[in-house]
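Worksheet: the structure to be examined is printed underneath.
Predicted, not measured: the structure shown is a model, and the values here were computed from it. Convention: sequence-line order gives letters A, B, ...; per-chain numbering from 1. In what follows, every heavy atom counts, from backbone to side chain, and hydrogens, waters and symmetry copies are set aside.
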Amino acid sequence: MSAIIDTSSGLSIAARRRRKMLRNAGLPIASALVGLILWELLVRTLEVPTYLLPAPTAIVEALIARWSFLMTNLGYTALSAVSGFTMALVLGVVLGIAIAASPLVDRIVYPWLVISHAVPKVVVAPLLLVWIGFGIKSGIIFVVFFTFFTIVVNTVMGLKSADPDLLHLVRSMGAGPMKVMWKIKLPNALPNIFTGIKLGATLAPVGAVIGEFVASNRGLGYVLIQAVGSMSIDLAFAAVFLVSAFGIAAWYTAELIEKKCIPWHASQRGQH
Amino acid sequence: MNSLSIGDTRPVVELFGVQKTYVTDTGNVRALDPVSFGFEKGAILSVVGPSGCGKSTLLRILAGIDPASGGRVVIDGRAITGPVPDMGIVFQRDLLLDWRNVIDNVMLPAELARRNDGEMRARAIGLLTELGVGDFLNRFPYELSGGMRQRVAIARALLLKPSLLLLDEPFSALDAMTRDQMNVILQRLQQHEQVSTLLITHSIAEAVYLSDRVVVMSARPGRVLDVIDIEMPKPRPLSIREEPEFTAIARRIRVLFEKEGVLAA
């Protein structure tokens, strides 16, 4: 008896992947560099004043000059972003499971979820100052508020998308609701949960900064407000750069974890 | 039917007037008119019929997924009312868990039955080896071809030695050559395991080749047109499909479909 064997060798696939990774990473980097160079050239040739738009080199100078000050404040922003996002992740997945498991919970909680998402969060931010007060606590709560919805919605979608025939099959094997959730629905939902995590991870630093706009005297959000107020636009850009860099790092960290956790998913097999 | 018969000739599956009517907004849809048939322990029975003849409805009733609208299904002397744990099912789609490798997919029923031990693992490996995928224990489903995935699904269905194996058009998505190969493998494994098997198919050749008994069904609403016992000795070579006895039975079934207008020229 001869089995039908997939003969494509692992080695050539690995080599092809490496080349593909180089190409995948190389193009975006080149594209970003070209953009920065154009920006620098435009600012220099048109002699745009620094208080309107600083050149990339001016931003780098501000970054270097105020490095330790900026790093301290980045640390503060990162702390509220990471702790707020972690809370949102735990709460979001738990609530998502509850919603997917119980139609009753679904009907009761869903309108509140939609309302919480529809409310313009930036407008609500000043209220945090009134309700929670000045400091990191309101920043953290704002991050939870900012990232929670995308995690819940993606979790619920993933949990509800398990194949009905597969569910019949495992129930016919004697699996109860808990086993079905744990062994089938939850692993099946991981790709969606990771979508929520990636979106949430990039939203988290933004949320932290907005929180700092109104209710903090530390963090990059505070630095930004102060820098704009004193017309130190190069410093403001340096802060914006750091917030963005943090968001990008958060995205790629989440993506790296995703690759480790769900190598079996179609999105992770390079068939885009 | 002789109710005194015992041992291997005792019917393992019996259907008495099983029927299904779906109630919809626009009225009732009869999917399955009352059907009755039975088959014996260790045998293969095929239900063959055109698409939409209620074959899959029948399987879902047997699997306890959908309730029947009437009639009774008795498996091993017990009337079934819900999912029967003691049953292996293979669907047209393999329904493997993408996040588990081959051996862990096959071990799923053992895990759910809390029988995840070395003995079961050895049986899983034995089944996979018999099915020709013993070298792929640590591969993931996405690394396997459709035929190989379906072999894994068959191993999973057989792991706990079910009293009944339900196969719902398991090879319909495979190419013709792979399908032939799967027929040979299934026949050998079924004989070896002595598992009572109900196969739903729309391939006349597949039904006749594999079965001890073929139930021929009409187009919707499905009803039994004929029940044919196939006496040819097993194991059967694939070339038996060119033998006069085989072609006569296949022709008999095809004529039934022609009369029904399903296969009219």
Side-chain angles (χ1 to χ4, degrees), chain A residues 1-14 16-17 155 158-159 161-195 257-272, chain B residues 60 62-66 82-101 104 108-114 129-136 139-148 151 153 156-157 159-160 162 166 168 174-175 177-178 181-182 184-185 188:
Chain A
M1 221 281 315
S2 65
I4 297 165
I5 293 163
D6 186 359
T7 49
S8 47
S9 78
L11 229 168
S12 76
I13 288 176
R16 233 177 300 147
R17 256 194 205 150
T155 303
L159 291 173
S161 69
D163 189 308
D165 275 341
L166 177 60
L167 296 179
H168 286 313
L169 184 70
V170 292
R171 282 179 192 132
S172 83
M173 293 174 188
M178 290 291 281
K179 284 268 176 74
V180 170
M181 177 61 79
W182 193 244
K183 291 201 185 278
I184 310 296
K185 286 186 177 176
L186 207 53
N188 182 70
L190 278 180
N192 292 85
I193 293 175
F194 269 109
T195 302
I257 298 170
E258 180 185 33
K259 273 208 168 70
K260 293 276 170 230
C261 288
I262 53 168
W264 46 267
H265 192 247
S267 66
Q268 302 305 315
R269 285 184 254 130
Q271 297 168 347
H272 310 289
Chain B
R60 294 174 78 83
L62 280 167
I65 295 169
D66 284 342
V84 183
D86 185 19
M87 188 178 287
I89 311 177
V90 179
F91 291 97
Q92 182 180 337
R93 291 176 303 134
D94 51 76
L95 298 176
L96 297 181
L97 306 182
D98 292 332
W99 54 90
R100 285 176 175 236
N101 63 18
D104 289 344
L108 178 70
E111 266 176 58
L112 293 172
R114 294 179 195 284
T129 306
E130 253 189 287
L131 283 158
V133 284
D135 293 334
F136 300 91
R139 297 294 190 96
F140 282 81
Y142 69 83
E143 299 175 290
L144 307 179
S145 67
M148 288 164 77
R151 293 173 201 217
R156 177 178 64 184
L159 182 69
L160 298 181
L166 293 179
D168 187 7
L174 306 178
D175 63 86
M177 201 75 101
T178 310
Q181 198 175 26
M182 291 303 293
V184 175
I185 292 171
R188 192 185 56 210

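- Remark: B/R100 pairs with B/E111 by the salt bridge (Lys or Arg N to Asp or Glu O under 4.0 Å) rule, at least two apart or across chains.
- With contacts defined as side-chain heavy-atom distances shorter than 4.5 Å, the pair B/L97/A/L166 qualifies.
- A/I184 CD1 to B/L95 CG: the interatomic distance, rounded to the nearest 0.5 Å, is 10.0 Å.
- Atoms CZ and CG, on A/R171 and B/L112 in that order, are 12.0 Å from each other to the nearest 0.5 Å.
- Across all their heavy atoms, B/F91 and A/L169 have their closest contact at CE1-CD1, 3.9 Å.
- Taking both residues in full, the closest heavy atoms of A/W264 and B/Y142 are given as CA-CE2, 3.4 Å, listed atom of the first, atom of the second, then distance.
- Heavy-atom distances place both the backbone and the side chain of B/I89 under 4.5 Å from chain A.
- Residue A/I262 does not touch chain B at all, counting heavy-atom pairs closer than 4.5 Å.
- For the pair B/L159/A/M173, no side-chain contact is recorded, criterion being any heavy-atom separation below 4.5 Å from C-beta on.
- Within the structure, side-chain hydrogen bond (donor to acceptor under 3.5 Å, both in side chains) pairs that include any residue of residues 88-97 of chain B comprise A/D163-B/R93, A/D165-B/R93, B/D94-B/R149 (at least two apart or interchain).
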